[in-house]
Every structure is written in C-alpha cells, then in structure tokens.
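Because the structure is predicted, anything quoted here is derived from the model rather than measured. We use all heavy atoms of the structure for the numbers below, so side chains are in, but hydrogens, waters and symmetry mates are not. Proteins get letters first, then strands, A, B, ... in listed order; numbering begins at 1 in each.
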Protein chains: 2
Amino acid sequence: MPSDIDIAKAAKIKPIFEIAKESDLMEDELELYGKYKAKISLDILDRLESKPNGKLVLVTAINPTPAGEGKTTTNIGLSMGLNKIGKKAITTLREPSLGPCFGIKGGAAGGGYSQVLPMEDINLHFTGDIHAITTAHNLLAALLDNHIHQGNDLNIDTRKIVWKRVLDMNDRALRNIVVGLGGKSNGVPREDGFDITVASEIMAILCLATSLEDLKNRLSKMIVAYTYDKQPITCDDLKATSSLAILLKDAIKPNLVQTIENTPAIIHGGPFANIAHGCNSVMATKIALKLGEYTITEAGFGADLGAEKFFNIKCRYADLKPDCAVIVATIRALKSHGGVDKTELNHENLQALEEGYKNLQKHIENIKKFDVSVVVAINKFPSDTEKELELLYDRCKVEEVPVVISEVWEKGGEGGMDLAKKVVEIVENTTSEFSPLYSENESIKDKIERIAQEIYGADGVEYTKACEKQIKEIENLGYDKLPICMAKTQSSLSDDPSLKGWPKGFKITVREIKASNGAGFLVALTGNIMTMPGLPKIPAANNMHISDEGDISGLF
Amino acid sequence: MPSDIDIAKAAKIKPIFEIAKESDLMEDELELYGKYKAKISLDILDRLESKPNGKLVLVTAINPTPAGEGKTTTNIGLSMGLNKIGKKAITTLREPSLGPCFGIKGGAAGGGYSQVLPMEDINLHFTGDIHAITTAHNLLAALLDNHIHQGNDLNIDTRKIVWKRVLDMNDRALRNIVVGLGGKSNGVPREDGFDITVASEIMAILCLATSLEDLKNRLSKMIVAYTYDKQPITCDDLKATSSLAILLKDAIKPNLVQTIENTPAIIHGGPFANIAHGCNSVMATKIALKLGEYTITEAGFGADLGAEKFFNIKCRYADLKPDCAVIVATIRALKSHGGVDKTELNHENLQALEEGYKNLQKHIENIKKFDVSVVVAINKFPSDTEKELELLYDRCKVEEVPVVISEVWEKGGEGGMDLAKKVVEIVENTTSEFSPLYSENESIKDKIERIAQEIYGADGVEYTKACEKQIKEIENLGYDKLPICMAKTQSSLSDDPSLKGWPKGFKITVREIKASNGAGFLVALTGNIMTMPGLPKIPAANNMHISDEGDISGLF
C-alpha cells in the first residue's frame with residue numbers, strides 16, 4: 001500500500017464547485033476557500049425547508065484499544081460505498097485540531113483509500129473555524145480580566161474564575177500559569193491556564209447551535225466566573241455576546257470538501273468527546289440531511305461515550321431521528337479486549353475473541369435501548385482468520401444483528417459496498433423509533449445513574465463530597481434541567497481504563513460536576529481529564545519538510 | 001456624511017474574480033476566499049518576470065498628532081484618483097490586526113469615500129494570515145519549552161529565553177506571566193509573556209520574504225534563547241523551520257481585495273512600525289508592480305520611522321526603487337505641531353502653522369536625502385482657511401516641492417485626481433536615483449548615528465551601559481552587519497514625544513539593542529515599547545451588535 005499522502009496526491013480531486021453543483025447547492029449558497037474547500041451558507045436550510053430529510057446513519061465503535069478500529073475510515077468508506085450502489089450519500093465529520101499534528105505524527109482525515117481531501121488543508125488551518133473560536137474565547141478572557149482591572153464592578157472573585165484561555169497547540173507549559181504580573185498597569189495577578197481550543201465551550205456551542213440566533217443565545221449563557229456572593233457571571237454580564245458572535249459569523253457555516261472518490265463531505269466542528277459531546281456540528285448534519293439520501297455521521301470514542309452523547313445530547317437538541325448505527329470493530333481490537341497483548345494480535349485466538357466480543361455485545365445492547373437499528377462493521381485486517389470471523393458471525397446472530405466485512409481502507413468505496421447494501425436494506429425496511437434515554441427534567445443524579453447503569457452496566461454511582469456540594473449549588477442556581485455529558489475514560493465501559501471487555505460488578509465515581517450552561521449540558525467528571533496535551537520527546541514537527549516549491553512531507 | 005460602514009454597504013462591490021481579470025491575473029493564479037477576497041499565487045512573479053515594473057509611490061506623513069493625518073485614506077484615494085485619470089493603479093496596504101478592533105472603536109481600512117472592501121472581513125479574520133502567524137509563533141514556543149522539559153540537550157538558560165508567545169488580542173493580563181507551574185509533568189517554571197501577534201518577528205519575516213525559500217531561510221535564523229554559555233539558539237536548532245513554514249504556506253500569498261471604486265487593492269502583512277519595519281509585504285509590492293502602472297504603498301507612523309525604514313530596510317532587501325513619496329499632512333496637524341491644543345484646532349492660527357510647518361519641512365528634507373521626489377498632500381478639512389493654505393503653499397515653494405489639496409475622504413477618487421496628476425507629472429519626468437542612507441556594513445553605532453543625525457536632526461546618540469554591552473555581544477556573534485530598525489516614539493522627530501515641530505539641540509538615548517536576526521535587522525530601542533496593548537475602560541466590544549440575520553453594527 002502507498003502512504004496516505006501518496007494516495008491523496010494521486011486522487012483525482014474535483015473543483016469544489018462541481019461537487020456542490022452535483023449536490024444541488026446553488027452558486028450563491030457557496031463561499032469558496034481556495035479551489036477545493038467551500039463554506040455553505042445557512043440560508044440553504046430556508047430554501048430546502050419543505051424538502052424531506054434523508055436517512056441518518058451514525059458510525060460508532062467499541063471501546064478504543066491500541067489496536068485501532070477505523071471509525072473515520074469506515075464512515076468515509078461507507079459514504080463512498082453507498083454512492084457506488086447508486087445512493088446519494090454525504091459524509092459529515094469532525095474538524096481536526098491543528099495542535100496535535102505537530103506532536104504525534106498523524107492527521108484526522110481518514111486513511112488508505114478512504115480519505116477526505118484536501119488532507120493537508122483539513123489538518124492545518126482549514127477554513128479558519130478553530131482560529132475563530134480561539135479568538136472569540138480569548139476575547140472573552142481579555143474582557144473578563146479587563147473588567148477586573150478597571151474596577152471589578154461585578155464583584156468577581158478572582159479565585160473563582162472558570163473561564164481559562166485557549167490555543168490550538170499542544171503546550172503543556174501553559175496548563176498552569178500566573179497572569180497579571182508586573183505591577184498595577186498590567187492587570188490583577190491570579191492563577192490561570194490554557195486549554196487546547198477544541199476543549200472550549202464555544203466549540204461545543206458552535207456544534208450544537210441551530211442558527212445564528214441560537215448561537216448568540218447559547219454564548220450569552222456561558223458562565224465565566226462567580227462573584228464573592230457565589231453568583232454566576234455570564235458572557236452576557238460582560239456585554240460580550242455580540243462581539244463573540246461577530247467573530248464566529250463565518251465559523252458557524254459548515255465546510256464542504258470531498259472524499260477521495262468525490263463524495264461530498266461536510267466537515268464542521270470538533271468538540272472534545274469527554275468534557276463535551278464529540279460530534280460534528282448540528283448545522284452540518286442538518287444540511288447534509290437536506291442534500292443527500294444518506295447522511296453518515298460520527299461521534300468521538302466508543303459508543304458508551306460517542307453514541308450515548310450523540311443520542312442524548314445532539315439528537316435531543318437538534319431533533320434528529322437516527323435511522324441506523326454502525327458499530328465498527330476489528331478482530332484485533334476484540335482480541336485486545338479479550339486480554340491479548342498488542343504484540344500478539346496477529347495470532348488466532350478464539351478464546352480471547354470470545355471474551356473480547358462481550359464489549360461489542362454490550363454496545364449492541366446499548367444502541368438497541370435507543371430503538372435504533374444496529375449493523376456491525378468488521379474493519380478487516382490480513383491477520384483475521386476464517387475461524388475468528390465465523391465465531392463473530394455466530395455470536396452476532398444470537399443478538400439478531402448483521403455483521404459485514406468492510407475493506408474500505410484497502411479498497412475505498414468498493415470495499416464498503418457490502419456494508420452499504422446492508423445499511424440500505426435495514427434503513428429502508430424500518431422506521432426510526434428513536435428516543436433519548438432520559439428526560440432532561442429528571443434530577444442530576446437520576447440522569448447520571450441512568451447512563452451509568454443502562455449504558456456502562458455499573459451497579460451504581462458514588463459521588464465525592466465536593467461533587468455532592470456542586471450538585472446542590474447547580475440545583476440552587478436552577479441549571480439542573482440539562483442533559484448530562486459524561487467525562488470518562490474511553491478505554492473501558494467502566495471508569496477504570498484497565499477493565500476491558502464487558503466489566504461487571506463495578507461502581508463509577510463522579511468527582512466533579514460543571515455546568516456548561518451555554519452549550520447546554522452538565523459535565524460529570526469521573527477522573528482527571530487532560531484538556532491541554534503536551535508534545536512528545538521527539539515531536540512530529542522535527543521531521544517535517546517543505547521544499548522551496550511548497551511540497552510537504554512528514555506532516556502525516 | 002454617512003458613516004464609514006454605511007458608505008461601505010452602499011458601494012457597488014464587484015466579485016473579486018472580475019477585479020483579478022481586469023488586472024491580468026490568470027484564473028489559476030487566484031484562490032478565492034469567499035466572493036470578495038482572494039489569495040494570489042506567487043507563481044505570477046515567474047510568469048511576469050520579463051514584464052517591466054510599474055512606478056512605485058510611497059505614501060508617508062508628518063509625525064502623527066491627535067488631530068489625525070489620513071495616510072491610509074490618502075493612499076486609497078490616490079490609487080482611485082490615478083484610475084480616474086486613466087492610469088492603472090493598485091494600492092498596497094498593511095493588514096490590520098484584529099485585536100485592537102475590540103478595544104477602541106475603529107478599523108484600519110480607510111475611511112469616508114476612500115475605503116477598501118469588504119471592510120468587515122479585512123478588519124476581522126480576513127484570510128487567516130495573522131492566525132497562521134500566531135500558530136507558527138506559538139508552535140515554536142511550545143517546541144522550545146518542550147525541549148527544556150524533555151531534558152534540555154541544548155543547554156538553554158531558561159532565564160535567557162527571548163521568544164515570547166503571541167495572541168492577536170489586546171490583553172494586558174498576559175504581558176507578564178509565569179508558565180510551567182503545577183509540578184513535573186507540566187513543564188519547567190519560568191517567566192514569560194505574550195505580545196500581540198503583529199509584533200512577532202515572524203510577521204516582519206513574512207513581510208520581507210521574497211519567496212518561500214527566503215521565508216524558510218529567515219525563519220531558520222530567528223534567535224529564541226541563549227545557552228548558559230551565551231550562545232544563541234535558533235529556530236533551526238530546535239528543528240522547527242519547516243513546520244513553521246508549513247503553517248505559513250498560504251499566509252505568504254498576498255491578498256487581493258478592492259477599493260470602494262473597484263481599484264485593485266493588495267493587502268498583506270502588517271508588522272509593528274517601531275520594533276519592526278511597518279510596511280506591507282515585499283511580495284504584495286512586487287506583484288502590484290507587475291500588475292499596475294502605479295503601485296501606491298505605505299509605511300507606518302511618520303516619515304522619520306515609516307519612510308526611513310521603507311527605504312533603508314524594505315527597499316534595500318527587495319531591491320525596490322521608489323519613484324516618488326507623498327507626504328500627507330493636514331493644516332490641523334501642523335497647527336498641533338505648532339503647539340495648538342486639540343480643542344483649538346478649528347481656529348485660524350498662522351503663527352502656529354508657521355511653527356508646525358517645520359515638522360513637514362524636515363520630512364521633506366529627509367526624503368530628498370534618499371534622492372526620491374516629494375509631493376505634499378494636504379488632506380483638507382472644512383476648518384482650513386485660505387490664508388493658512390496660502391502660507392503653506394508659500395513655504396513649500398521655498399523647498400521646491402509641490403503641494404496638492406486632497407479631498408479623498410469626502411469625494412473618493414475624484415478628490416484625489418489633482419494629487420494623481422501631480423504624482424504622474426513628477427514620476428514621468430524623473431528617474432529614480434534612490435539609494436539607502438547607509439551601508440549595512442558600517443558599524444552599529446555609525447548606522448544609528450547616521451539615522452539620528454540625518455533623519456531626526458539629533459546632535460548625537462547616547463547609549464546606556466547595558467546597551468554598550470549588547471552592542472559588543474552582537475558584534476562578537478557576527479550579527480552586526482544588518483540594517484537598523486529604530487524603535488522610537490512616533491510623536492516627535494526626537495525620542496521625547498513632547499518635542500513637536502522640528503526640535504533641535506537634542507540627543508537620543510538608545511537603551512537596548514536586539515537582533516531580529518531572522519527578519520534581518522537590529523532593533524534599537526530608545527524607550528519602552530508596548531508590544532501588548534490593553535483594553536480601555538469601556539471596550540468597543542461592549543457596544544457591538546449582530547442581528548439574527550448577521551447584520552453587524554458597532555464594529556467601526
């Protein structure tokens with residue numbers, strides 16, 4: 001196999017206006033960003049208001065393992081496979097963060113023969129959405145510190161500022177800092193820190209907003225600090241809402257690109273999948289549903305985090321009815337869940353597969369709880385044996401769930417045709433009965449316990465003392481009627497990353513609850529979540545090269 | 001007069017590809033960014049290599065006063081005036097920084113009937129150039145701190161790190177900070193700070209680079225820190241050059257927009273005019289010279305800083321031969337230089353004008369030292385009296401320099417036709433004999449003294465002890481054969497902002513010398529230069545509004 005970048009370079013990319021034309025976008029609904037990227041005007045939703053939506057397919061996965069699953073690749077390949085069997089499909093994906101590109105080699109635009117193009121642009125500045133979020137976020141931080149510097153009329157307690165600063169960079173030295181040093185004319189000293197931009201609440205808001213009006217409304221409610229009287233101070237209290245929205249006026253428009261086989265791809269927004277909901281923007285999904293017969297979308301991490309939040313947060317707010325969920329797994333990853341070391345994954349091991357399969361089994365059970373149809377996609381590797389595949393077919397048959405081999409990495413759309421056919425068969429013969437797992441009006445603890453027991457399979461939930469206090473405070477402030485956003489390890493169904501497969505007989509511990517009041521969810525943290533990555537000993541940046549003619553190597 | 005934004009909204013903006021076509025740009029040399037902005041491929045310089053350059057006109061000014069001069073407005077209006085008299089003219093301007101927009105009301109895209117469009121975009125994210133610089137700058141900072149965290153093989157003295165971080169934001173709380181707190185896994189604690197992005201050496205480099213190759217070469221030489229043995233550590237020592245250049249691969253391409261009368265405008269780069277050279281990019285100027293008969297360009301602050309650096313730094317490196325310099329002044333500003341208070345400027349005051357004229361007189365003398373022709377443009381105000389104008393004509397006649405009334409703010413290109421005619425008359429009847437004031441091979445002190453004595457009219461230069469030491473260090477490292485970039489108050493020809501008009505009998509004091517080794521100049525600081533602005537008591541952000549339909553008000 002050639003490298004990803006060589007495959008990408010050899011692909012026949014079309015001018016983006018051609019892709020747009022084929023998707024029935026009008027010329028004035030498009031803003032070109034170079035020849036191969038465009039922003040889509042939100043006006044399109046008015047024009048197509050009466051057009052029925054296409055079908056919505058979520059691509060999710062088992063709990064991630066070091067063996068890799070290939071969720072994004074499957075998403076892209078499935079959309080290309082659908083096109084190959086005559087269905088008009090559109091893939092919608094998350095926008096990658098630029099920072100990590102320079103740390104550990106690897107972009108986030110698919111791989112092999114299932115990629116989105118132009119991969120270099122998508123992985124770097126793209127159309128500037130994340131830069132706009134960085135700017136809006138830091139403007140609010142500057143306005144906050146300026147307010148305090150200019151007399152602090154709002155009585156803000158500088159020890160209770162919850163709005164940090166952000167950069168789209170892996171920079172551990174900025175995690176914990178002290179600002180405002182250097183005397184009276186340089187602000188008020190206080191502890192502060194930087195997160196990576198995609199962890200900003202503004203990213204979550206951009207991805208949940210259903211219009212510019214809704215964006216402004218959500219921005220206005222973001223909590224930035226508390227007063228000495230413990231009252232929340234919001235973005236609106238700092239009179240900052242409109243200036244932030246002005247900075248985001250273009251970023252709110254979804255971005256149109258294409259797959260390696262010229263399938264339209266809408267890539268927009270990329271919030272964290274732990275402290276936020278991990279899905280591409282609502283606007284991207286809504287536009288795709290109007291343009292295509294099939295919209296393929298994704299959610300971060302495994303189905304316990306990604307699909308759960310997609311259903312309970314995104315679909316709830318956007319009033320979406322998913323028609324099918326594809327759970328991606330590999331034989332290797334299932335064996336890893338069965339206890340096999342990474343170095344031994346190329347050997348047949350039916351016992352480990354049997355054990356690891358239970359992780360997949362639990363995710364199948366979970367998706368069914370939302371009344372959504374399930375297909376299992378096995379992302380095929382050369383090391384998979386016939387016996388292993390047979391065992392998997394047998395087990396899934398018991399669950400009455402179809403299993404399809406996917407070879408999209410090696411073969412592109414052709415390798416996704418079987419999966420596409422199965423998805424079409426299921427979607428065309430069922431009606432979505434989707435409903436969220438809980439009502440947002442339940443108590444905070446009830447909501448958390450529903451997720452922990454029904455999705456994770458926990459026996460119960462424990463709360464730290466600090467957390468109990470926070471829950472009371474949130475209830476007193478009236479912020480409790482919001483969906484829950486669980487921040488939990490992605491490696492296990494439990495909150496202990498070492499528990500693989502389908503762990504049982506455990507409780508989870510919630511250590512902290514934070515109101516992301518603008519985004520519209522309560523973040524329940526079960527451990528420390530890293531919101532500013534660091535660079536490794538030898539950063540990928542060290543091995544990059546750009547020639548005098550502009551040819552790049554080493555970026556992926 | 002309607003407001004700037006109302007004038008801008010009423011203007012008949014053309015699709016940018018039409019402007020490009022009229023300027024003989026080929027379709028594949030253009031990358032659209034929306035309908036009204038485009039990046040120009042550097043390949044155009046190869047295609048047009050054998051085409052002779054057009055004429056180059058610098059618009060500069062007297063020392064700025066609170067009364068305002070209107071340099072950018074005159075630049076734009078002159079280009080429109082030239083077009084009105086049948087000359088193909090292009091204006092090249094600096095790219096405004098986004099940060100200040102949210103502080104004190106006011107953009108940087110001209111004013112009245114001499115504006116560039118789309119003004120909202122130009123003043124906000126534009127095509128993302130400044131965001132790219134922010135990212136490249138902060139990547140280098142992250143790589144530097146990561147190097148130290150991972151063992152500090154290069155033996156960097158953390159007390160001698162000269163590479164700060166940047167944001168395109170007015171944020172005083174970030175001027176002086178401590179980073180790397182929170183224990184071993186979060187980096188090494190040290191003092192640090194943020195500058196505003198346009199103060200980054202990378203901005204100066206982007207504006208001086210003549211190709212991607214030259215960009216890489218300059219980036220590689222940037223000094224970020226010194227070792228315990230006092231040896232410089234460069235960007236290249238951190239193996240960061242290519243990754244920074246990759247981040248800048250699009251930012252290096254100049255941006256095409258248009259004036260309110262559809263004259264092509266190339267807006268690209270905007271370095272500080274004190275610690276850097278304050279001119280738009282070399283690439284923008286070079287492309288404009290190939291596309292138009294007349295290129296109008298500008299430089300920051302008054303001619304003592306702006307024109308001096310344009311001639312001695314930009315023209316030296318880019319091998320440009322300016323054909324004419326327009327010095328912009330207003331009767332009001334000259335009276336201000338004559339000692340009149342801002343509140344009294346609307347009254348006739350011939351004595352003050354006579355005194356203040358000397359500031360203009362010195363700038364005329366200075367431009368002539370570079371063997372460049374001079375035209376004085378008086379940006380007319382309703383308060384100007386006949387007697388005042390006559391006095392000015394008389395004084396300039398003694399200098400054998402033409403004076404032309406400019407009414408571009410009120411009348412657009414029509415108000416700039418007289419100025420355009422005069423510029424054409426001069427340029428068509430003279431050949432540029434331009435040469436820089438000094439050789440870069442002179443000693444540091446000789447170069448500084450040449451500028452101080454010949455341009456500022458100082459009796460001499462004093463150096464602090466610390467500065468004497470720095471000069472020796474720079475000489476020992478072999479960085480002394482570079483042009484000088486003076487960082488001095490813009491308000492006076494001297495280094496004392498209170499000395500108006502043409503001060504005499506003063507010395508200037510150089511307090512610090514820094515090698516901007518990548519940009520290719522030595523910064524000589526005569527005082528503290530603020531490189532991170534703050535927000536005012538009531539920031540402009542507080543009074544901005546964006547409607548649900550996206551209509552913006554209060555931004556300008």
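Heavy-atom pairs under 4.5 Å with chain A were tallied for B:L42, B:N138, B:L244; the largest tally goes to B:N138. Among the candidates B:E549, B:K37, B:K537, B:E191, the residue making the largest number of heavy-atom pairs closer than 4.5 Å to chain A is B:K537. By number of non-hydrogen pairs under 4.5 angstrom with chain B, the leading residue of A:L238, A:D43, A:T134, A:L143 is A:L143. Counting heavy-atom pairs under 4.5 Å between each of B:D28, B:L247, B:T241, B:D192 and chain A puts B:L247 at the top. Interface remark: of the candidates B:G99, B:P536, B:A141, B:P536 forms the most heavy-atom pairs closer than 4.5 Å to chain A. In terms of heavy-atom pairs under 4.5 angstrom with chain A, the leader among B:V179, B:D214, B:N543, B:L30 is B:V179.
Two residues are said to be in side-chain contact when any heavy atoms from C-beta on lie closer than 4.5 Å; B:D548 and A:L212 fail this criterion. A 4.5 Å side-chain heavy-atom check between A:N146 and B:P539 finds at least one atom pair inside the cut-off. With contacts defined as side-chain heavy-atom distances shorter than 4.5 Å, the pair A:Y33/B:T127 does not qualify. Side-chain contact between A:L98 and B:T135 is present, with heavy atoms from C-beta onward closer than 4.5 Å. Proximity of B:V178 to A:I177: side-chain heavy atoms (C-beta onward) are nowhere separated by under 4.5 Å.
No more than 12 heavy atoms of other residues, nucleotides or ligands sit less than 6.0 Å from atom CD of A:E213. Atom CG of A:N528 has 12 or fewer neighbouring heavy atoms from other residues, nucleotides or ligands inside a 6.0 Å radius.
B:I246 approaches A:M544 most closely through the heavy-atom pair CD1-CB, 3.8 Å. Across A:Q150 and B:R172, no two heavy atoms sit closer than the pair NE2-NH2, 3.7 Å. In terms of heavy-atom proximity, B:A245 sits nearest to A:I546 at CB-CG2, 3.6 Å.
There is no contact between B:I148 and chain A, counting heavy-atom distances below 4.5 Å. For B:I538, no part lies near chain A; criterion is any non-hydrogen pair under 4.5 Å. Only the side chain of B:L167 comes within contact range of chain A, with heavy atoms under 4.5 Å apart. At a 4.5 Å heavy-atom cutoff, A:I252 makes no contact with chain B through either its backbone or its side chain. For chain A, no part of B:H147 is nearby; none of its heavy atoms comes within less than 4.5 Å. Heavy atoms of B:H125 lying under 4.5 Å from chain A belong exclusively to its side chain. For B:N170, the part lying near chain A is the backbone, with the side chain staying farther off; criterion is any non-hydrogen pair under 4.5 Å. For A:A132, the parts sitting under 4.5 Å from any heavy atom of chain B are the backbone and the side chain alike. Interface residue B:S547: only backbone heavy atoms are found under 4.5 Å from chain A.
Sorted by first and then second residue, the pairs that involve residues 124-153 of chain B and meet salt bridge (charged side-chain N to carboxylate O under 4.0 Å, His left out), not counting sequence neighbours, are B:K39-B:D129, B:D145-B:R165, B:D145-B:R190. The salt bridge (charged side-chain N to carboxylate O under 4.0 Å, His left out) contacts involving residues 236-251 of chain B comprise A:D121-B:K249, B:D250-B:K253, where partners must be two or more places apart or lie in separate chains.
Note on ring orientation: taking the six-membered ring where Trp is involved, the planes of B:F194 and A:F194 are parallel (angle under 30°, cut-offs 30° and 60°).
Rounding to the nearest 0.5 angstrom, the gap separating the OG atom in A:S243 from the CG atom in B:N542 is 7.5 Å.
In this view, A:M530 and A:R175 satisfy the side chain to side chain contact (heavy atoms under 4.5 Å, CB included) rule, not counting sequence neighbours.
Heavy-atom proximity under 4.5 angstrom to chain B picks out A:G180, A:L181, A:G182, A:S185, A:N186, A:G187 from residues 180-189 of chain A.
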